[in-house]
2 protein chains.
Amino acid sequence: MELPDRKMRILKAVVRNYLETGEPVGSRTISKMTDLKLSSATIRNEMADLEEMGLITQPHTSAGRIPTDAGYRLYVDDMLSSEKQELQDARKELLDMKDFLLKKQDKLETMLQSVARTLAVSTNYASMISSPTTRSSKIKFIQLSQVDRHNVLAVIVIEGNLIRNKVIPVEEELSAENMLKLNMLLNTNLCGLAVEEITLGLIEGIKRNAGIHTAIISDVIDAAAEIVRGEEELKIYTSGANNIFRYPELADHQRASEIISDFEEKQALGSIVQETLSSEGQNGIQVYIGDEMPVARMRDCSVVTATYELGEGMKGTIGIIGPKRMDYDKVVGVMKEIMNQLDALYRPAEAGTKDPADGGGTGTGIRAESGKPDQPFTLPDLRIPQIKRIEIKEL
Amino acid sequence: MELPDRKMRILKAVVRNYLETGEPVGSRTISKMTDLKLSSATIRNEMADLEEMGLITQPHTSAGRIPTDAGYRLYVDDMLSSEKQELQDARKELLDMKDFLLKKQDKLETMLQSVARTLAVSTNYASMISSPTTRSSKIKFIQLSQVDRHNVLAVIVIEGNLIRNKVIPVEEELSAENMLKLNMLLNTNLCGLAVEEITLGLIEGIKRNAGIHTAIISDVIDAAAEIVRGEEELKIYTSGANNIFRYPELADHQRASEIISDFEEKQALGSIVQETLSSEGQNGIQVYIGDEMPVARMRDCSVVTATYELGEGMKGTIGIIGPKRMDYDKVVGVMKEIMNQLDALYRPAEAGTKDPADGGGTGTGIRAESGKPDQPFTLPDLRIPQIKRIEIKEL
DNA sequence: CATTAGCACTCTTGATGAAAGAGTGCTAAC
DNA sequence: GTTAGCACTCTTTCATCAAGAGTGCTAATG
């Protein structure tokens, strides 16, 4: 949609003023705040045109105008296409949070929660962040071990030192010999593969390759494969849901209750995440306004989302949810800054520093080992061949 | 506080009526609803007495009366001390949820979330549940393994098949020999001990016992010990926060925002959990009314908490948060029923059933292996001595 | 002496209406 | 094309008023 310059400037003025005040904005206000020297009457004529075009509307006769979804959309598109000066300001504003954010969290979970909080605090909107996908991450290491007679522990380490584990119940104890074979079998066949490459067919192949073919071994292999494939669980962390009370248009019982509920259940947010991941936006940032929202119950809101990447294809989504009259400029600025920081945080900046790159809890570390490339599983590196050297009697 | 029977009945009538309606209740209403045949004038006199005692109060002259915190307290104490008929009803009401709840979740995390939701749905209040403590649980199994040159993976299995893990960064690769020694060292020294028994002194002792004493090994042992000791992280799951909008006295912006915020941050809830765990209440159930709340910002609420136990000393807390005019009878009933079900769920009812007693995510299964007692670590059972039998060349 | 009927009094709630204010659309003038 | 002026509309605010609910007190009653 192309708009004459003057109309565009008036539209922007209406939007910007409404973003600030939340009140319908009248012609007199616009006449005073813009630098084009026009009287309120002229503005009124232009506004009548804009209303006819469906860009602004008035809640009732003789109230000021407020932007429609289409009006917001035009405003946002214009903003996104011209990298603005204001963005710089927003970034500076966030700089203070840097220390807060930059503290390396030893758990991915904690880190994500911290990012969510930072977003919420620095924007005064509700925020969310999804855990990164691991579908395209490669498997580094698999280990099965007998915990007790009836349980086998399977641990799988993925690129980025994410850990997945599971206790697999078994009918009878596996012999140590079979256990070793299983370990080697799984490591040689699966290490170096991406999670998404583990198919049912592949698993069947491995089962056939297993020299001894008991039902138990089959079970264990299935379970192990399931950890890798099936565990692709989307976790979503949220913060600042209470910020919706700052915006009267969202704060009535009905709406507030629905939004809070969506935030608690997190399921609705999941569909926003999916939507975002599946479609790349401008500058990596996407804006859903009102009816464009994937979630019906949030039609009174806008969402700004972005896809972050922790290297090695671990992608996730961050999002800001607020009223339609959201400060889009600021939010987009903050968003970009956060993404920069996430990037810097992950990149092995100072190689050789020793920091706990662990993961308890969800079992997840956020730093890969610094710099040096993982080498996929090769026999000589694993401990099994070297076992020869051990004399058990010593113990 | 001892109260003449008639006054007590009037107090109860006031409380009960106010719980239902949320409106101040007048003398005429009481006169009609109680079975003691008294005119409103008499009730008025009695109510004036009750007010003087500080059990009820009136919002303004010429409004009805509402209970004070002390009034609620008397009511609740009376209810808790006499096991009531109504409780039975509440339990029956919950029976429908049974199917929903009884589905064995393969993850502790999912199960806890499900319990929280059940509580919230069946009571129409906000609910929370804390993850069980593992302080007194015993360690079953420890395993260190070299993931790649610069990372050692430590996995620890605790009673109930809870799994803790961490990737420990190391300066240089450990020899397979040292790795084996470390494994045996840790297993022989720590298996069978309760988490809370792992002291700093014990760790120092183990370090001294390690034949080879390099800095790396010391680091690894420290890290392993830290997983066990330090990871005692209280996780809290919540549900139904939006239920507060059902109760006008909590639903104004100020209060709602605070409560929602507390529910999201979960920190405040943590102090309620601590408070509950440290003091056993009547029937295992505790009620905090208004000012009795450990959390200042929730002074307008009441909380009913209970301590659940998943066997083997894994204790946690469930809680219902609602307005002071909460349906205490129902809540206490539901609470007891949930506790029964949790108990039944954990108890190995049908031994021999094969169900996934796993844990991904937080790495946590909720069923111990069925029936048969764990045997703490013994050398012959572990795979290490048996390795002799393997011919590596075969591979 | 406990209970009750009656009554004046207080306070909230809801409805009504008037006045003020903000903003528009339209017309006519520049 | 722009602007001043004006009538009109609609919301918001405030005061007033009547109705209703509930109380406390007093006096009457069994």
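It should be emphasised that the depicted structure is a prediction, and the values quoted were computed from it without experimental measurement. Order of the sequence lines fixes the chain letters, A, B, ..., with proteins taken first and strands second; residue numbering starts at 1 for each chain.
Rounded to whole Å, the distance from CG on A:L36 to P on D:dT2 is 10 Å. B:M47 places its CE atom 15 Å from the P atom of D:dC25, with the value rounded to the nearest Å. Distance, B:E52 CD to D:dT23 C1': 15 Å, rounded to whole Å. For the pair B:I10 CD1 and C:dA2 C1', the computed distance is 13 Å after rounding to whole Å. Between A:D49 atom CG and D:dT2 atom P there is a gap of 11 Å when expressed in whole angstrom units. One atom, CD1 of A:I56, and another, P of C:dG25, lie 9 Å apart when rounded to the nearest Å. Rounded to whole Å, atom P of C:dA5 lies 14 Å from atom NZ of B:K37. If you measure from atom CD of B:E46 to atom P of D:dC25, you get 15 Å, rounded to the nearest angstrom.
Scored by the side chain to side chain contact (heavy atoms under 4.5 Å, CB included) test, A:N243 finds A:A120, A:N124, A:R246 as partners (sequence neighbours excluded). Residues forming a ring-ring contact (aromatic ring centres under 6.0 Å, His included) with A:Y125 (at least two apart in sequence, or on another chain): A:Y247. Scored by the side-chain hydrogen bond (donor to acceptor under 3.5 Å, both in side chains) test, A:D291 finds no partners at all (sequence neighbours excluded). A search for side-chain hydrogen bond (donor to acceptor under 3.5 Å, both in side chains) contacts involving B:R297 returns nothing, not counting sequence neighbours. Residues passing the side-chain hydrogen bond (donor to acceptor under 3.5 Å, both in side chains) test with A:D69 are A:K324, sequence neighbours excluded. A search for ring-ring contact (aromatic ring centres under 6.0 Å, His included) contacts involving B:F245 returns A:H253, not counting sequence neighbours. Remark: B:K7 pairs with B:E46, B:D49 by the salt bridge (Lys or Arg N to Asp or Glu O under 4.0 Å) rule, at least two apart or across chains. Residues satisfying the side-chain hydrogen bond (donor to acceptor under 3.5 Å, both in side chains) criterion with A:R73, sequence neighbours excluded, are A:D77, A:E292.
Side-chain proximity of B:L38 to D:dA4, C:dT3, C:dT24: nearest is C:dT3.
Between A:S39 and D:dT3 there is a side-chain polar atom (N or O) within less than 4.0 angstrom of OP1 or OP2. At C:dG25, one or more side-chain N or O atoms of A:R65 fall inside 4.0 Å of OP1 or OP2 (strictly under the cut-off).
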Fill in: Contact letters for nucleotides 6-16 of chain C, in which S counts primed atoms plus P, OP1 and OP2 and B counts the base, heavy atoms under 4.0 Å
B---BBS----
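Listed by residue number, there are no residues of residues 19-30 of chain A with a heavy-atom contact under 4.0 Å to DNA chain D.
The shortest distance between side-chain heavy atoms of B:E275 and B:T305 does not fall below 4.5 Å.
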Please write out the pairs of protein N or O atoms and N or O atoms of nucleotides 26-30 of chain D separated by less than 3.5 Å, giving the distance to one decimal.
none

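Minimum heavy-atom separation, A:T68 to A:G54: OG1-O, 2.6 Å.
For residues 21-41 of chain B, the set of pairs meeting the salt bridge (Lys or Arg N to Asp or Glu O under 4.0 Å) definition, not counting sequence neighbours, comprises B:R9-B:D35.
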